[in-house]
2 protein chains.
Amino acid sequence: MASVSVRDVAALAGVSMGTVSNVLNHPDKVSSATVARVQSAVEKLGFVPNGVARQLRAGISNSIGLVVLDAANPFFTDLASGAEARAAERHHTVLVGNSSQDPARETAYLDLFEQQRVRGVLLSPVGDVLPRLERLHHRGIPSVLVDRQAGDPGFSSVSVDDVAGGRLATTHLVSLGHRRIVFVGGPFRLRQVSDRLAGARSATKHRPDTSIEFVETESLTVEAGHTAGQEIRARTTNDRPDAVFAANDLVALGLLQAFMHQGSIKVPEEIALIGYDDITFASAAVVPLSSVRQPSHRIGSTSVELLLREADGGKEPRHIVFQPELVVRASTGR
Amino acid sequence: MASVSVRDVAALAGVSMGTVSNVLNHPDKVSSATVARVQSAVEKLGFVPNGVARQLRAGISNSIGLVVLDAANPFFTDLASGAEARAAERHHTVLVGNSSQDPARETAYLDLFEQQRVRGVLLSPVGDVLPRLERLHHRGIPSVLVDRQAGDPGFSSVSVDDVAGGRLATTHLVSLGHRRIVFVGGPFRLRQVSDRLAGARSATKHRPDTSIEFVETESLTVEAGHTAGQEIRARTTNDRPDAVFAANDLVALGLLQAFMHQGSIKVPEEIALIGYDDITFASAAVVPLSSVRQPSHRIGSTSVELLLREADGGKEPRHIVFQPELVVRASTGR
DNA sequence: GCGCCGTATTGATTCGTTTCAATATCGAAT
DNA sequence: ATTCGATATTGAAACGAATCAATACGGCGC
C-alpha cells in the first residue's frame, strides 16, 4: 500500500527511471509523447516524489530555519510572516522554531537545522551562539542575525537601531515633562533590552534633573510586565515614577493591567507609559499605547533576502539597520 | 570542505561504517574501547549525522506537520505551543504552516508535508480537505482535525463545542437584557464561524422578543473587525444593535477600536460586546473583553497525542470535544 | 588440540531520487 | 551509402546512513 517510487512509474510507463526523473524536472529534454505517457502513469499510481530522497541527492534543502525568541509575540509572528512570504517567492520554506528565550531550546533547534542541512539559518539569539554559527558557516550553512546587530561582523545581520529607539521613547517622555522614569524589561543580557536601555540612559544623561531606574524582568511577556506592575503599584505614591518605558509592548500591556487594577493608578495622568514594537494590540489597549514601531515584516523579508544571497553567491556579509519610529497615543498623554 | 560522513569517521577511527553507525545508535553493541575511539574521531572531525539520509533510510520522519488558519492569532500560537511541547516530549518536531485561511496555501503545505513524508498531519482546515486526507491516510500518513469536528468520522478530531460556545455567549447577552444582537464574523464557510453562529441562533430561537442579525467579514482579523465596526458605527442610533457577538477576539478588538473612535459608541452602555477565544490581549483591551475561553494549549497537546497514537498503533480514530467556558468582563457590563 | 558459543565487527545492500556519460534513433548532408 | 549531428533515452553510480547476515575473535570445556 505504501510507497510508489519512480521505479514503479517507470515500469508502468515503459521507460527508464532516468526518463521519469527528466519528465519531472526537465520536461523540455523529453519528447512530448513520453511526457504524456509518464504523466498518466504518475496520475494513475498517485505518485508523489519523495522529498527526502530528493534532498539527499541534491545535498542541500530549500528550507530555511528561523529561531525566534518568542512565538507568542506578534512582533515575531509578523517577522516570520515576512520571512515566509519572501521565501515562498524564492521557492523556499521556512521552518520556525521557538526558543522561548531558553538557550537550551535555541541550541536544540540549531542542532535540528544542522542535521537537516537547511539552506541557511535566521536567528534572533538568546545565548552565545557565535561559535555555533562559525561551525555552521564552516559546514556551508550561512546565517543571518535577526533583530540584533552582529557582535561579530562576520555574520550578516538585519536589525533596528534599538539605541535610537530607546532614546526616541525616553526623549518623548522627558519632553512631556516627566522626570522620574523607570525602564522595565529583561533579562538585561538580551541585546534588544540592553540597547533600548542604553538609549534611554543616553537620553537622560545630560539632564541632571531626570532620573532613570531599571527594573529587570525574567522575560518579555505580559505576565512578567504584570508582576513588575504590581511591584510598582505597591510603592507609596512618593516612590512611584511619573513615567514607565517598557522594553516591549507585551510588558507594557502587563504593566497597564496592573496599573489599572481597581483604577489604582491612572495612565497617563499619574504614570505615563510607552512600549516598544507597536504590535496590533497596542492601539486597542485599555489606554491606547504609545510605542516605538519597527518594520517587523520587512525585517523578516530582508533577512531572507540576505540569507539567500549568501547561500547562492557567497558574497560577503552585509548589515542592514532600520530606523524605528515613534508612535504617540493616549498612554503618554499628548 | 563541506561534509564529513560516517565514512570519514570510520576511516579515522580505523573501523567500518557499520560500527560507527552502531556507536551512534546502539552503543551497547560495541566494545567500550571502540566507542571511545569512534567518539573521539567524531569529535575531531566535527561530524554531525545527516538527518536527511537517516530519514530516507528510516522511511519515516519524526516531524509532525501542523497547518493553522492564522498564525497571527494568539489562539493558534498557543495551540501550536501546546503541540510542540507534547511533541518534544515524544522526540518529535512540529513544522508549522500558516494557511492564512487560503485554501491554496493549505494545499501547498499539505503537498510539502506529503513530500516530506511527515509522521502525521494536524490540520485546522479551510477548504474541502477530506479527499486530500484520504490520500494521505492511504499513504500511511495519519491526520487529526484540529479545532473542528470531523465531518467524516474516519478522521480523528480534537475540537471545542462551538455551538455550545455560541449559545453560552448569546445566552449571556440575552440574560443581561439585550434583545437586538449582531453576530460578526466570517467567512461563514469556516466551521468555527458557522457553529458559533448556530449556537447564537439556537439561544434566541425560543425568544420571539430577540432578533439576531449576521454580518459577514472576509476574515477573522482585527482589521476585518474594524471594518465591520465602522459599518455599524455609520448606522443611525435606531438601527444599531444593543449587543455584538464577535466570532473571535481579534474581530472583537477591531470592533471595539471602531466603536471607541472619538468615543462615538460607549461599550458596554450603548453596545455590549463579547468575543471568543479569550486571548491574552482580551483582558488588556480598552474595555476588558468578555469572551468564551477555549483550552488552546490542551487542544494542541491532545492533538499530538491522538496523532502519535494513530501513527504508532493504528488504532481507530477518536473524537475529543472540549467544553468552552464563559469569561465575563467589562465589555458586557456585569 | 578441537569444537563450540557469545560477543564484536565487517561489508554489502538498501532507501528513492538525480545526474551524466554512454548509447540508440533518425533525418540530413556529403 | 556513409558520416555527422541533434535529439531521446538508458543504466549505473552517486548522496549518507542503517541494517543484517556473515565472519572474526576469544575463551571455555572436554
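In what follows, every heavy atom counts, from backbone to side chain, and hydrogens, waters and symmetry copies are set aside. We name chains A, B, ... by the order of the sequence lines, and we start the count at 1 in each one.
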Here the distance between atom P of dG16(C) and atom CZ of Arg139(B), to the nearest Å, is 11 Å

As a check of understanding: the bend across the helix from dG1(C)-dC30(D) to dT30(C)-dA1(D), end axes from five pairs, rounded to 10 degrees, works out to 70°

In this structure, NE2 of His137(B) is separated from CG of Leu130(B) (nearest 0.5 Å) by 12.5 Å

**Asked** What's the verdict on salt bridge (charged side-chain N to carboxylate O under 4.0 Å, His left out) for Glu310(A) and Arg318(A), showing C-alpha distance, side-chain angles and the deciding distance?
**Response** CA-CA 9 Å; Glu310(A) 244 179 284; Arg318(A) 290 184 52 190; over 6 Å; no

Atom CD of Gln116(B) and atom C1' of dC15(C) are separated, to the nearest Å, by 15 Å

To the nearest angstrom, the CG-C1' distance between Asn25(A) and dT19(C) comes to 10 Å

*Look only at the side chain of Ser99(A) and the backbone of Val68(A), and say whether a donor-acceptor pair between them is shorter than 3.5 Å.*
yes

Is the backbone of Val67(A) close enough, under 3.5 Å, to the side chain of Ser124(A) for a donor and an acceptor to pair up by distance? yes

Sidechain N-carboxylate O distance under 4.0 Å for Lys44(B), Asp8(B) = no

Give a yes/no on whether any side-chain N or O of His26(B) is located under 4.0 angstrom from OP1 or OP2 of dT19(D). yes

Exercise. Apply salt bridge (charged side-chain N to carboxylate O under 4.0 Å, His left out) to Asp111(B) and Arg132(B), showing your working.
Key: CA-CA 9 Å; Asp111(B) 285 347; Arg132(B) 235 9 241 294; 2.8 Å; yes

Within a strict 4.5 Å, meaning less than it, do heavy atoms of the Glu106(A) and Pro125(A) side chains meet? yes

note: Leu24(A), atom CG; dT19(C), atom P; distance rounded to Å ~ 11 Å

Without swapping roles, check the side chain of Arg191(B) against the backbone of Asp162(B) for a donor-acceptor pair under 3.5 Å. no

A correct 5'-to-3' footprint of nucleotides 6-16 of chain D, with B, S and - meaning base, sugar-phosphate only and no protein heavy atom under 4.0 Å, is --SSBB-BBBB

